[in-house]
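What follows is a short report on a single structure.
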Amino acid sequence: MIQKNYRTIFFGTPDFSVPILEALADLEFINLIGVVTQPDKPVGRKQELTPSPVKMWAEKHNLPVWQPKSLRTQHVLDQSKSFTPDLCVVVAYGKIIPANLLDIPQHGWLNVHASLLPKYRGASPIQAAILNGEKTTGVTLMKIDAGLDTGPVIDQQTIMLDQAENFESLHDKLGQLGADIIKKSLLPYLDGKLPLQPQDNKLATLTTVISKEDGRIEWKKSANDIYRQIRAYTPWPGAYCFWKQTRKESVEQRLKILSAKPSNSTHPLAPGHIALQDSHLTVGCGGHGLILTRIQLEGKKPLPVDEFIKGYPEFIQAVLS
RNA sequence: CGCCGGGUAGAGCAGUGGCAGCUCGCGGGGCUCAUAAUCCCGAGGUCGGGGGUUCGAAUCCCCCCCCGGCAA
């Protein structure tokens, strides 16, 4: 039996990349020669330099790790050639691969993207699927070209979104699905058995990098929109608003809404105004209200609302902004 | 030295020098066909740790530990 052996470099950074890296490492025809990831970044209150999840996994498995600040240098180009890779696999690496590197591996560069391309190209496909109330989403295995998530599709797998799907649950499912698609389709691709399907650019949509302000809740929006916003943006950047406690006049504190659900009650409430409806703590939105279930005040622990109210009884008549 | 808030009963919070409190939970009892409802009684604290000031410190001063929000 001829043992196939593809020299492969993996590019990836966050948690999402890890199950796919793991799947790749398990394939006996893949010879992982190293991992490229973003440089360690200062993180947390202490600003400690923290390695990416991909780096931690790679070090645990004694794989070489490279962390170039930029891929657009002569040094990276020379080094990439000297490694003589047959294949490069990219999963949420965090930077665009420069065109001058694309031709180095004979089998090209593959990417696992967390959406059904051409829908939701770009930085935040998982959040976008939740935010737009999609019934289904999935992962795409594609060949990288010079554009951003524009290359031809090799294979896709679809998944149904849960009614209450949130970022974390979908993130985990898609990571697993990404691992599956690598196990299933990589070898057929390398054997030339899978046709490449060009994307229909007319159907393409682009998602952008998420910023803190995207988490700001506007109570004028519908409860459903806010509900999606909470699910898409928790834990980061989090869905938040502000509350001025009566006991601390003029101090506006940030209040994160960690979990909530739209109310059935048709009784109207002014946007941002809280009231008890059918023994549920409900905030007025445009249209139906939103029932709060888990919240966190700045400087405090995350709490179920009934616990929260024990310490802040005035909250049942609060006004959020 | 990045900025700010916090640590008090099992949980959440009040309490700025003079008896350690509130809501909920927990235990026992009453009422009830019954109850997560209601009433009565009760247990439960090294006030994060150490040092200092004081007749007296949860409270003021110094040092340390831990948690969170912002920022990155």
Side-chain angles (χ1 to χ4, degrees), chain A residues 12-17 36-56 65 67-71 92-96 122-124 126-127 166-168 171 207-219 226 229-261 263-265 272 274-283 290-321:
Chain A
T13 301
D15 286 327
F16 183 77
S17 316
V36 181
T37 190
Q38 295 290 320
D40 295 1
K41 289 198 175 131
V43 110
R45 241 184 309 287
K46 296 274 153 90
Q47 294 290 280
E48 283 160 0
L49 277 184
T50 306
S52 74
V54 162
K55 179 177 177 180
M56 290 196 257
V65 175
Q67 301 177 277
K69 247 179 104 178
S70 164
L71 296 180
Y93 170 59
K95 284 197 164 62
I96 293 182
S124 54
I126 301 176
Q127 291 91 338
N166 60 38
F167 174 81
E168 282 181 296
H171 168 278
T207 64
T208 56
V209 176
I210 293 167
S211 72
K212 307 253 183 184
E213 296 85 60
D214 292 326
R216 177 68 193 263
I217 292 173
E218 287 175 48
W219 295 110
I226 297 171
Q229 183 183 13
I230 292 165
R231 288 180 290 139
Y233 291 150
T234 303
W236 196 90
Y240 61 89
C241 57
F242 291 91
W243 177 40
K244 197 183 288 183
Q245 283 190 60
T246 47
R247 68 174 86 150
K248 297 186 184 181
E249 290 162 33
S250 79
V251 182
E252 260 200 339
Q253 289 180 291
R254 180 179 297 241
L255 185 74
K256 288 188 173 178
I257 312 296
L258 302 175
S259 130
K261 61 183 177 192
S263 162
N264 297 323
S265 167
I274 293 181
L276 221 44
Q277 290 191 336
D278 306 326
S279 73
H280 295 302
L281 199 73
T282 308
V283 195
L290 190 74
I291 298 171
L292 302 181
T293 52
R294 194 173 175 79
I295 59 184
Q296 180 179 23
L297 188 63
E298 172 179 334
K300 295 296 189 176
K301 289 195 276 196
L303 287 177
V305 280
D306 51 331
E307 292 284 311
F308 187 88
I309 290 169
K310 287 173 191 166
Y312 300 91
E314 71 270 31
F315 189 68
I316 47 179
Q317 307 171 28
V319 178
L320 305 177
S321 53

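Proteins get letters first, then strands, A, B, ... in listed order; numbering begins at 1 in each. Every value quoted in this text rests on a predicted model; they were computed, and no experiment measured them.
Using a 4.0 Å cut-off between a side-chain N of Lys or Arg and a carboxylate O of Asp or Glu, Glu307(A) and Lys310(A) qualify as a salt bridge.
C70(B) sits 41 Å from U53(B) when the P atoms are compared, rounded to a whole Å. The separation of C61(B) from C66(B), taken at their P atoms, amounts to 22 Å, rounded to a whole angstrom. C1(B) and G69(B) have their P atoms separated by 24 Å, given to the nearest Å. A distance of about 15 Å separates the C1' atoms of C19(B) and G45(B), rounded to the whole Å. G44(B) and C22(B) have their C1' atoms separated by 15 Å, with the value rounded to a whole Å. As rounded to the nearest Å, C67(B) and U8(B) have C1' atoms that lie 15 Å from one another. For the C1' atoms, the distance linking A9(B) with G17(B) amounts to 24 Å, nearest Å. Here the separation of C55(B) from C60(B), taken at their C1' atoms, is 16 Å to the nearest Å.
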Give me, pair by pair, the N or O atoms of the protein and of nucleotides 70-72 of chain B that are less than 3.5 Å apart, along with how far apart they are.
residue, atom, partner, partner atom, Å
A71(B), OP2, Lys212(A), NZ, 2.6
A71(B), N1, Gly44(A), O, 3.3
A71(B), N1, Gln47(A), NE2, 3.1
A72(B), N3, Gln47(A), NE2, 3.3

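For the pair Phe308(A) CZ and G69(B) P, the interatomic distance rounds to 14 Å; values are reported in whole Å. The NZ atom of Lys301(A) sits 11 Å away from the P atom of C67(B) (whole-angstrom rounding). Atoms CG (Leu303(A)) and C1' (C24(B)) sit 13 Å apart, rounded to a whole Å. Taking atom CG on Leu297(A) and atom C1' on C4(B), their separation rounds to 13 Å, with Å as the unit. In this structure, the CG atom of Leu255(A) is 17 Å from the P atom of G6(B), given to the nearest Å. Regarding Gln245(A), its CD atom lies at a distance of 14 Å from the P atom of G5(B), rounded to whole Å. Atom CD of Glu298(A) and atom P of G7(B) are 15 Å apart (whole Å). Rounded to an integer number of Å, the gap from OH of Tyr312(A) to P of C24(B) is 18 Å.
No side-chain donor from either of Thr207(A) and Gln127(A) sits under 3.5 Å from a side-chain acceptor of the other. Using modelled atom types, one finds no donor on one side chain facing an acceptor on the other under 3.5 Å when comparing Gln67(A) with Thr37(A). Residues Thr282(A) and Ser263(A) have side chains that never bring a donor and an acceptor to within less than 3.5 angstrom of each other. For Lys55(A) and Gln38(A), the side-chain atoms include no donor-acceptor pair closer than 3.5 Å.
Note: Phe242(A) and Tyr240(A) have perpendicular aromatic rings, judged against thresholds of 30 and 60 degrees for the angle between ring planes.
For Gln296(A), a side-chain nitrogen or oxygen approaches OP1 or OP2 of G69(B) to under 4.0 Å.
The closest donor-acceptor contact from the side chain of Glu314(A) to the backbone of Ala318(A) lies at 3.5 Å or more, if one exists at all.
Of the candidate nucleotides G6(B), G69(B), C24(B), C24(B) has the atom lying nearest to any side-chain atom of Lys310(A).
With both pairing distances under 3.5 Å, G5(B) is matched to C67(B) as a Watson-Crick or G-U wobble pair.
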Checklist entry - Do Ser52(A) and Thr13(A) pass the side-chain hydrogen bond (donor to acceptor under 3.5 Å, both in side chains) test, and can you show the C-alpha distance, the side-chain angles, and the key distance before you say yes or no? => result CA-CA 6 Å; Ser52(A) 74; Thr13(A) 301; 5.2 Å; no

